[in-house]
Structures are given as structure tokens and as C-alpha cells.
Asks: 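Here it is, the structure, as C-alpha cells.
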Amino acid sequence: MPVRTVSGPGPSVPDLLAAKGATTVSVVIPARDEEATVGDVVAGVRRAWVEDVPLLDELVVIDSDSTDRTAEVARAAGATVHAAAEVLPGLGPARGKGEALWKALHVTSGDVLVFLDADLVEWGTHFVSGLLGPLLTDPGVALVKAVYDRPLLDAEGREAETGGRVTELVARPLLALHHPELAGLVQPLAGEWAVRRSAFERFSVPVGYGVEIAALVDTAALLGADAVAQVDLGRRTHRHHRHDTLGPMAVQVLAAVEARLGRGVDAAAGVADGRATLTQYERTAEGFTPRPREVDLAERPPAVTVEGYATRTETVR
């Protein structure tokens, strides 16, 4: 069965509010050193879906060790801000996008979680309502991914090419080989997605960039591929990532799928203590110089297995 795709405006605001009923909704924005953009994202969402229309119950930013004013800017714009390192510190340190999303489970209460990236430049507040539509109107949907035109901006903000390089070179081939039932997803690694807590809290969560593809594969395994939907949201641009930062992302995406194939990433030849060393090269006066990078492949356990999760008594100390 192909992945269901929703196009067009979706439910009207009154219909969306009626469908919401007693369902609670948390918007979560993971952020690390995003002071330039996080304020606009938070303010836009708050104005549209808290002040103008009472669709959201929580608006939360998870700050992942920012060294700039990300937390201050997000708080001033109207978000509740939690430092990822201060949530369940007894479990030990980890850094990455998946870590922030997993920590969000422990400091939010929404029945549905909507994830938005903090580095959005061109986007719309309809991202929130679009992602929520299928979850609020169809009980059979558990996870919704965004679909959009995704131009890649250069350092001066000019449109250079289509983005999604890790998607095209890693994620899509992986799905074609191992999960063809999910091959209909246009952007499997989209940073804008929504999920039912009742599903996400049962998944093991990679601490890095493997979180999105892991959630897709786990949702299909638990509930079937027809529990996944995608929504066309139009156009989206975000901060450009240097090509040499894409290698670690690709390793984490690969590792997440490998782990779910039962191959045991920790037993792989290049993995020790849940980490792999990715060696990249830079030309210098001495020739090509290796630049090794440690890539964290660890996964957090399902939130429901963590002591105190059910009552949320163990959150921020």
C-alpha cells in the first residue's frame, strides 16, 4: 500500500479544533546555536496557534548545549525552554537531535508531538496545522512527515540547488533496499513531523540524526506502513549545512537502519562503545590530511521503560 499523501489546505480551523477535542498537542523545537532563527519560529507558532487559535497546549524548545543566546531568544519569544543536559542527567550525557526529541518526551505531556526545526528561514505556520490534520482526523495515522520544495541556499542566501543530499544518497536507497513499503515517502528525513506519543514513547531512539528514519521504520514495524502519512506543505528553506558535516549524519542514518535489520551495529568492525570513527580528508600543505570524527550511534531506550516516565515526576532537576 502506498504511503498516503495529503495535499491541499486540509481541514478548516473550526474542523481542526473540533477534531482535536480533548487531545493535547505539544510543539517541540530542538535547537543548538540557532539564535538567529529560533525566535521567529517560536513567535510565529505562538501567535498563530496559541494566541489567535487555541490549537496548542505546549510550545517547548529543547536547547542542546547552545553556546549562543538560543535559550534566551526562544524564551523571550514565548517558548518554555529546557536544557537537554538537565533532563534526566542521571542517564549520562549524549548530544544530538534524537537526544533532544527523546528528552522532550520527559518534559511534555501532549498526546501528539509536532517537531519543527529551529533553523527555518522560509516556512509557514501552516506547517503545524498541516502536520496535525491527519493525526487529529484519522485514528489510524500515527506518524506524519512533511513534504515540501526544499531549495538549498548558499552562504549568501541565494538558491543554489535542491536540498536533501543525505536523503537522496543514503535514506532513499536504504528504503528501496530494505523497506520498499516506505519508498513512497518524498522526504523521509524531513525535520518537520508529528507523531502520537503512544507510538514514539515505545521506540528506541537514536541520539543523533538517525531519529527520523528510525521513527519511520519503527512505526511501520509496530503499526503497519499505512499508519504513516505525508503532507505537502509547499516550500521550506533552512540554514545550509557544509558538505563535510553530512558524513556524520549519513553514518547515523545508516546505523539506525542497520540496527533495525537486526545486524547489531555495536558488533560492526568499525564500532566501539556505540561510536564509529568517520575519517574525512582535507588538502593541506602536507597533502591530504585525515580528519577523524567520532560519530555517536547510541540509542536511548523506549521512554516507557524509564523510571518515573509515566508520572513525569523525573524531569528537570
Side-chain angles (χ1 to χ4, degrees), residues 23-32 34 37-38 40-42 44-46 48-50 55-64 70 74 79-82 84 87 96-120 123-136 141-148 150 164 167 171 185-203 205-219 227-231 233 236 238-239 249 252-253 256 300 303:
T23 302
T24 53
V25 178
S26 301
V27 165
V28 175
I29 303 170
R32 182 169 185 263
E34 301 292 358
T37 52
V38 68
D40 288 341
V41 175
V42 170
V45 171
R46 182 173 181 82
W49 303 118
V50 176
L55 184 64
L56 305 184
D57 300 278
E58 292 177 312
L59 176 54
V60 173
V61 167
I62 305 294
D63 181 34
S64 298
T70 291
T80 299
V81 179
H82 295 279
V87 180
K97 184 177 185 180
E99 173 77 351
L101 301 192
W102 185 82
K103 290 288 183 69
L105 283 167
H106 300 272
V107 294
T108 61
S109 59
D111 302 314
V112 173
L113 295 98
V114 180
F115 300 122
L116 302 177
D117 280 346
D119 63 349
L120 299 179
W123 65 292
T125 57
H126 68 285
F127 280 23
V128 174
S129 54
L131 290 167
L132 282 172
L135 288 165
L136 297 180
V141 173
L143 186 149
V144 181
K145 296 293 292 188
V147 175
Y148 29 53
R150 188 181 175 186
T167 292
L185 285 159
V186 178
Q187 277 144 356
L189 302 185
E192 286 66 51
W193 54 292
V195 64
R196 296 192 191 279
R197 176 182 295 272
S198 59
F200 194 44
E201 67 186 4
R202 298 166 67 183
F203 299 157
V205 178
V207 299
Y209 282 99
V211 57
E212 274 103 4
I213 201 162
L216 283 175
V217 172
D218 288 344
T219 298
V228 177
Q230 57 187 349
V231 176
L233 298 179
R236 176 237 206 223
H238 68 137
R239 180 172 52 82
M249 295 182 190
Q252 291 176 328
V253 171
R300 291 299 193 183

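Start at 1 with the first residue, then count along the sequence.
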Asks: Exactly one of V60, D119, L59 should register a side-chain contact (heavy atoms from CB on, under 4.5 Å) with I29. Which one does?
Replies: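 The option that passes is L59.
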Asks: Hey, could you give me the NE2/CG distance between H126 and L233, rounded to the nearest 0.5 Å?
Replies: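 Answer rounded to 0.5 Å: 5.0 Å.
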Asks: Determine the sole option in V144, V114, T23 for which the side-chain contact (heavy atoms from CB on, under 4.5 Å) test with L132 is passed.
Replies: V114
Asks: Enter the distance from K97:NZ to I62:CD1 here, rounded to the nearest 0.5 Å.
Replies: 13.0 Å
Asks: Evaluate the side-chain proximity of F200 to V205: yes if any heavy-atom separation is below 4.5 Å, no if none is.
Replies: yes
Asks: Name all residues meeting the side chain to side chain donor-acceptor pair (under 3.5 Å) criterion together with R196; count only those two or more places apart in sequence or in a different chain, and write none if there are none.
Replies: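 Applying side chain to side chain donor-acceptor pair (under 3.5 Å) to R196 gives none.
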Asks: Counting N and O atoms only, with roles assigned by atom type, does the side chain of D57 sit under 3.5 Å from a partner on the main chain of V25, one being a donor and the other an acceptor?
Replies: yes
Asks: Could you check whether any side-chain N or O of H82 sits under 3.5 Å from a backbone N or O of A104, counting only pairs where one atom can act as donor and the other as acceptor?
Replies: no
Asks: How about E99 and S64: do any of their side-chain heavy atoms sit closer than 4.5 Å?
Replies: no
Asks: Starting at CD of E192, measure out to CH2 of W123 and round the result to the nearest 0.5 Å.
Replies: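 Between E192 CD and W123 CH2, I get 9.0 Å after rounding to 0.5 Å.
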Asks: Might you point out which heavy atoms bring A142 and T219 nearest each other, and give the distance in Å?
Replies: CB-CG2, 4.2 Å
Asks: Check whether Q252 reaches the backbone of Y209 with its side chain - one donor and one acceptor, N or O, closer than 3.5 Å.
Replies: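 The answer is yes, because a donor-acceptor pair under 3.5 Å joins these two groups.
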Asks: Let me confirm one number: the OG-CG distance from S129 to L131, rounded to the nearest 0.5 Å.
Replies: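 Between atom OG of S129 and atom CG of L131 there are 8.5 Å.
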Asks: Minimum heavy-atom separation for V38 to T70, with atom names?
Replies: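 Residues V38 and T70, closest heavy atoms: CG1-O, 3.9 Å.
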Asks: Is it true that E212 and K145 have a side-chain N and a carboxylate O under 4.0 angstrom from each other?
Replies: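 Salt bridge absent between E212 and K145.
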Asks: Is D218 paired with R202 through a side-chain N to carboxylate O contact shorter than 4.0 Å?
Replies: no
Asks: When you measure from the side chain of R197 to the backbone N and O of L113, does any donor-acceptor pair fall under 3.5 Å?
Replies: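 Pair absent, no side-chain N/O of R197 close to backbone of L113.
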Asks: Please check this pair: side chain of Q230 against backbone of Q187, looking for a donor-acceptor N/O pair closer than 3.5 Å.
Replies: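 Between the backbone of Q187 and the side chain of Q230 there is no qualifying donor-acceptor contact (under 3.5 Å).
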Asks: Do you know which two heavy atoms are closest between A256 and I213, and how far apart they sit?
Replies: CB-CG2, 4.0 Å
Asks: Would you give the length of the straight line joining atom CG of L143 to atom CG of L135, rounded to the nearest 0.5 angstrom?
Replies: 7.5 Å
Asks: State, to 0.1 Å, how close A118 and V41 come at their nearest heavy-atom pair, and which atoms those are.
Replies: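 That closest heavy-atom pairing would be O-CG2, 4.0 Å.
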Asks: Looking at P30 and L101, what are the two nearest heavy atoms and their distance?
Replies: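 That would be CG-CD2, 3.7 Å.
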Asks: Tell me the closest heavy-atom pair linking T125 and G44, and the distance in Å.
Replies: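 Here T125 and G44 meet closest at CG2-O, 3.2 Å.
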